[in-house]
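Along the sequence shown, the residues carry numbers beginning at 1. No hydrogens, no waters, no symmetry mates; every other heavy atom, side chains included, goes into these values.
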Amino acid sequence: MAMIERFLNSMLFWAAWIVIPLVMEIIPSLGSMAILVKKRLMPKSYGDPLFWPEITIIIPVYNSEGSLQECIQSIYHSDYPNEKMRIFLVNNQGKDNSFQVYAKCQQLYPDLLMQWLNARQGKSRALNLALFNADGKYIIHVDSDGQFEPHAISNMVRKFEACPKVDCMTGAILTMPGQIEEYHGVFAKLLRKMEFMEYAQAFLAGRNYASETNSIYTLSGAFSAFRKSAVLKSKLYNTDTICEDTNITFQMRFIQKIRVEICENAIFCVDPIEGVNKLYTQRQRWQRGSLEVSHQFLDQNLKARKIFTNVMVRTLMYDHTFAFPRLIWYLALICLMCMNYSAEVILASTGMIFLLYIISGYLYYFSTVGFLREFRELRNYYRKHWYVVPLLPFFNFMVFFIRFAGVVNSINTDSAWKTRTLADEREDFMAALKEELRKPLDLLKKIRKAVNYE
């Protein structure tokens with residue numbers, strides 16, 4: 001009996017450690033490989049339509065002076081007919097010289113039909129204002145800090161035209177390799193390379209698998225497209241959350257009951273992360289916004305028991321609940337030693353966890369290389385950074401701590417686009433620590449004063 005009990009305890013221990021990476025990482029990475037093989041064996045070719053339809057491109061502008069010209073230039077140099085595009089640049093109370101950049105682009109690219117609009121503050125308000133003024137068959141919205149790959153717009157429209165049942169799609173977001181290489185310092189450059197690999201695997205491998213299984217969680221706010229007839233049936237972009245892209249995705253899925261897909265060969269490259277502070281605020285904002293949207297859609301029967309049947313529940317559990325075991329795995333090592341687990345077992349189990357994540361990372365790596373086949377420069381840049389893959393578990397570990405901080409910070413603070421940086425919170429922590437340490441010293445001074453009273 002003692003032997004059976006030991007065996008069962010051992011099985012429970014190892015199962016608890018491997019079930020989450022197995023279910024949440026290995027299976028989707030194998031799925032992405034299967035999708036790649038399927039697309040190679042049964043390729044779908046979307047030819048040019050008889051007539052290129054008119055489209056509207058919406059670019060929210062907020063202090064975008066440094067990147068706006070490159071964004072507009074990438075539209076001008078795309079292979080989509082200029083006369084078929086109408087571009088709205090919607091300023092939501094920025095304070096820089098973005099309008100002067102827009103005026104300059106009007107002279108540089110006279111073939112583009114561009115219009116400047118002023119909106120109230122907030123990205124969702126800017127998008128809604130442009131939607132009310134939009135015309136054309138399809139509506140594309142992009143961030144002002146990125147650039148289109150030359151075929152991105154036409155590839156997106158080709159898929160729309162060939163697939164009448166597809167009403168909304170997300171593009172594939174990558175970071176710009178050229179800007180990554182401009183950074184100096186080993187850590188600075190490595191951080192941006194890990195972000196590049198994360199984006200490439202998430203969009204080209206992860207979301208391809210999610211698209212096939214109709215389980216895409218968010219239409220990327222950086223680059224998404226809709227049939228105008230579908231988006232105007234929605235409640236438009238919600239102004240009560242900082243994750244308006246997730247909200248409209250939930251609207252499409254739950255209210256309009258339509259599929260959300262990816263166009264993997266429509267690539268939009270954005271600026272790399274500016275630093276750890278920016279990463280900290282960005283991922284906290286995403287985490288908080290996801291919680292806000294899930295709260296808005298509680299009436300859609302988002303129950304924990306539906307983790308295997310409902311993509312929204314599964315993603316929420318993975319992001320918010322299954323994030324904690326990742327933290328606990330590392331913080332609980334001392335506790336395991338106190339429970340008579342040997343150092344060898346603890347080291348072996350920890351090593352196994354990281355090995356599973358590294359294996360899934362390389363499965364994603366090889367499938368991403370396949371999905372980038374038609375983009376030679378991006379593919380070569382991605383492929384030569386194979387050595388970054390084993391570092392991604394550490395990058396994701398850091399991101400999960402940031403997500404955890406985002407959950408904690410959302411409890412007692414109001415929702416806002418601008419959030420406190422890591423440096424701000426470190427300063428507050430040090431100030432609070434000094435204040436707490438000062439209290440026993442002040443008490444000691446009072447005791448000394450009372451004892452030495454003359």
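- Side-chain contact between Val293 and Thr249 is absent, with no heavy-atom pair separated by less than 4.5 Å.
- Using cut-offs of 30° and 60° for the angle between ring planes, the Tyr381 and His385 rings count as tilted.
- Ion pairing between a basic and an acidic side chain is recognised when a charged N comes within 4.0 Å of a carboxylate O; Lys189 and Glu181 show such pairing.
- Put simply, the side chain of Arg259 does not reach to within 4.5 Å of the side chain of Val166, judged on heavy atoms.
- For Asn128 and Arg125, the side-chain atoms include no donor-acceptor pair closer than 3.5 Å.
- Between the side chain of Asn91 and the backbone N or O of Gly94, at least one donor-acceptor pair lies under 3.5 Å.
- Distance check: Tyr102 OH to Gln69 CD gives 14.0 Å after rounding to the nearest 0.5 Å.
- Remark: side-chain polar atoms of Arg253 are paired, donor with acceptor, to backbone N or O of Ile216 under 3.5 angstrom.
- Between Tyr109 and His77, the ring planes are perpendicular. Angles over 60° get that label, and only those under 30° would be called parallel.
- Between Met169 and Met156 the shortest side-chain heavy-atom distance falls below 4.5 Å.
- In this pair, Tyr138 and Phe160 present their aromatic rings parallel. The plane angle is below 30°, not in the 30 to 60° band.
- A donor-acceptor pair shorter than 3.5 Å cannot be found between the side chains of Thr281 and Arg285.
- In this structure, the ring of Trp386 has its center no less than 6.0 angstrom from the ring center of Tyr365.
- Looking only at atom types and distance, the side chain of Thr246 has a donor-acceptor partner in the side chain of Thr218 under 3.5 Å away.
- Judged by a 6.0 Å distance limit and a 45° cone about the ring axis, Arg207 is positioned over the six-membered ring of Phe203.
- Counting heavy atoms from C-beta on, the side chains of Ile258 and Lys233 never come closer than 4.5 Å.
- Heavy atoms of other residues, nucleotides or ligands lying less than 6.0 angstrom from CZ of Phe132 number 12 at most.
- Between Met398 and Leu279, the closest side-chain pair of non-hydrogen atoms falls below 4.5 Å.
- Under 3.5 Å, the side chains of Gln201 and Tyr382 contain a donor-acceptor pair of N or O atoms.
- In this structure, the side chains of Leu89 and Leu68 come closer than 4.5 Å at one or more pairs of heavy atoms.
- Side chains of Glu161 and Lys137 form a contact here, defined as non-hydrogen atoms less than 4.5 Å apart.
- Side-chain N or O atoms of Glu70 include none that pairs as donor or acceptor with a backbone N or O of Gln147 at under 3.5 Å.
- Using bins of under 30°, 30° to 60° and over 60° for the plane-to-plane angle, the ring pair Tyr362/Phe366 lands in the tilted bin.
- With a 4.5 Å cut-off on side-chain heavy atoms, Asn265 and Glu149 do not count as touching.
- For the residue pair Thr241 / Asn247, no side-chain donor-acceptor distance below 3.5 Å is found, with atom types taken as modelled.
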